[in-house]
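The structure appears below as structure tokens.
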Amino acid sequence: ETAEHALPPECAAPEQIPGGVITTRTDVYALGALLYQLLTGRTPLGNDRPALAELVRRVCDEMPAAPSAMPDDAGGTPVRARSKDLDAIVLKALAKAPQDRYATVDAMLADLARAAMHRPVEARQDSLVYRARRFLRRNRLAAASVSALGIALLLGAAGTLWRLRVAVRERDGALYLAGATEAASDFPV
């Protein structure tokens, strides 16, 4: 028996090629492919038209390059506007194994919304440094103000310590002179 699969190869998930079960995660893959194309101006499979066997191999085995690693293209978003967060979201949506993709389209949209608000996205590995960078990105003015206040306090403390050192030196010098003057006045003439 022969059958044709009517599917656009640019958006076909790996499980669609052999005629596997199509789920919501298959739709997530297709949305990830469209987002990749919007960001880079090219499909995750490349803009060349390979033979069917090569196309199947790319869909099933080859992960596309991160969108931020792709050069500028007239049809895509400029590289400077692509972020590591968007890379992580797109690559999670384009994962070869369905269980590695977003469970729902809403989960993917929520991650995209978090990326737009400079909040930590679930597609990226969580770390303290990553969360701190996202926080600082969202709160630039407050972070700059706190930093300026901290620097002012440090400079004030350094100035105070310097003046204290000068005062101690002057006191010690005055005590030495007072002691020398007293010793000279006690000296019989």
Side-chain angles (χ1 to χ4, degrees), residues 5-144:
H5 296 284
L7 55 97
E10 296 85 15
C11 299
E15 63 269 17
Q16 284 181 286
I17 300 297
V21 178
I22 295 175
T23 65
T24 303
R25 292 175 191 247
T26 308
D27 294 335
V28 167
Y29 185 95
L31 289 173
L34 290 174
L35 181 57
Y36 189 95
Q37 196 166 3
L38 286 172
L39 291 172
T40 64
R42 60 194 70 177
T43 70
L45 305 174
N47 280 347
D48 60 332
R49 287 292 197 184
L52 183 60
E54 175 64 13
L55 185 68
V56 168
R57 188 194 66 73
R58 285 185 191 177
V59 169
C60 295
D61 301 329
E62 198 174 284
M63 276 302 287
S68 64
M70 300 301 290
D72 278 338
D73 192 352
T77 305
V79 170
R80 69 182 180 284
R82 301 178 206 158
S83 70
K84 297 292 182 190
D85 286 343
L86 286 175
D87 285 352
I89 292 168
V90 168
L91 294 178
K92 181 173 180 168
L94 292 175
K96 298 303 175 189
Q99 65 272 15
D100 294 340
R101 296 183 208 136
Y102 290 99
T104 65
V105 173
D106 288 337
M108 182 178 168
L109 291 175
D111 242 4
L112 286 168
R114 282 190 285 276
M117 294 184 297
H118 305 292
R119 296 199 174 280
V121 296
E122 292 179 7
R124 282 192 71 175
Q125 184 177 1
D126 197 17
S127 73
L128 183 60
V129 172
Y130 172 63
R131 287 191 170 278
R133 283 184 182 163
R134 295 290 90 198
F135 177 81
L136 292 174
R137 175 73 191 242
R138 283 191 316 274
N139 301 296
R140 287 182 180 176
L141 183 59

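Since this is a predicted model, take the numbers as computed values, not measurements.
Annotation: side-chain contact (heavy atoms from CB on, under 4.5 Å) contacts of Ala30 (sequence neighbours excluded): Cys11. The side chain to side chain donor-acceptor pair (under 3.5 Å) search around Arg131 returns Asp126, not counting sequence neighbours.
The minimum heavy-atom distance linking Leu91 with Met63 is given by the pair O-CE, 3.7 Å. The two residues Pro44 and Pro64 come nearest to each other via the heavy atoms O-CB, 3.4 Å. In this structure, Leu136 and Ala143 approach most closely via the heavy-atom pair CD2-CB, 3.5 Å.
Every pair passing side-chain hydrogen bond (donor to acceptor under 3.5 Å, both in side chains) that includes a residue from residues 17-36 is listed here, sequence neighbours excluded: Glu15-Thr26. Listed by first then second residue, pairs satisfying side-chain hydrogen bond (donor to acceptor under 3.5 Å, both in side chains) with a partner in residues 132-144 read Asp85-Arg134, not counting sequence neighbours. Residue pairs satisfying the side-chain hydrogen bond (donor to acceptor under 3.5 Å, both in side chains) criterion with at least one member in residues 102-112, sequence neighbours excluded, are listed as follows: Tyr102-Asp111, Asp111-Arg114.
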Taking it one step at a time, do Val121 and Leu86 satisfy side-chain contact (heavy atoms from CB on, under 4.5 Å)? CA-CA 9 Å; Val121 296; Leu86 286 175; over 6 Å; no

Quick one, Lys84 with Arg124, criterion side-chain contact (heavy atoms from CB on, under 4.5 Å). Give me CA distance, side-chain angles, the key distance, then yes/no. CA-CA 8 Å; Lys84 297 292 182 190; Arg124 282 192 71 175; 3.3 Å; yes

Could you list the donor-acceptor pairs under 3.5 angstrom formed between side-chain atoms of residues 92-100 and any protein atom two or more places apart in sequence or on another chain?
from, atom 1, to, atom 2, distance (Å)
Lys96, NZ, Arg58, O, 3.4
Lys96, NZ, Val59, O, 2.7
Lys96, NZ, Glu62, O, 3.0

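The distance from the CG atom of Leu39 to the CG atom of Asp87 is 8.0 Å, given to the nearest 0.5 Å.
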